[in-house]
> 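Okay, handing you the structure first.
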Amino acid sequence: MSNHAKTLKPKGLKLELPDAAEEARINAGIAADPDTFEVSDAQFKKMRGRPVGSNKTLVHIRLDNEVVEKFKATGAGWQTRINEVLKKVNVA
């Protein structure tokens, strides 16, 4: 980081922003990377939110701490696993 970099201090954090020369080096590195591409606004809009055709509804529910802890302990996808368990109960 250059001595001329900007420093921001939001809520007690110290962030050092790159100066113009370092920013140019960063951008050159990005441009040279064959795996990097710019996403258009239209592509970005398609990437947001639930996939088309999703049949899920966002809800807020309170569960016992022990239930949440046990499911979280099973790793990523714990909310989906809770959904599967609830479907097996056949609440209809």
> Could you pull out all residues at least two apart from D33 that satisfy side chain to side chain contact (heavy atoms under 4.5 Å, CB included)?
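Per chain and number, D33 pairs via side chain to side chain contact (heavy atoms under 4.5 Å, CB included) with D35, T36.
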> For K72, what residues pass the side chain to side chain contact (heavy atoms under 4.5 Å, CB included) criterion, not counting sequence neighbours?
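Testing K72 for side chain to side chain contact (heavy atoms under 4.5 Å, CB included), a comparison that skips the adjacent residues, returns V68, W78.
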> How is the hydrophobic cluster of M47 composed, in terms of its other members, when Ile, Leu, Val, Met, Phe, Trp and Tyr link through side-chain heavy atoms under 4.5 Å apart, directly or indirectly?
F37, V39, F44
> Please identify each residue that fulfils side-chain hydrogen bond (donor to acceptor under 3.5 Å, both in side chains) with R81, with sequence neighbours left out.
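With sequence neighbours excluded, R81 shows a side-chain hydrogen bond (donor to acceptor under 3.5 Å, both in side chains) to T74, given in chain and number order.
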> Between CG of D19 and CZ of R25, what distance do you get to the nearest 0.5 Å?
6.5 Å
> Can you name the residues that form a side chain to side chain contact (heavy atoms under 4.5 Å, CB included) with A24, not counting sequence neighbours?
none
> Would you give me the side-chain donor-acceptor pairs under 3.5 Å for residues 56-67, sequence neighbours excluded?
none

> So, using side-chain hydrogen bond (donor to acceptor under 3.5 Å, both in side chains) as the criterion, who are the partners of E38 when residues are at least two apart?
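So E38 forms no side-chain hydrogen bond (donor to acceptor under 3.5 Å, both in side chains) with any residue.
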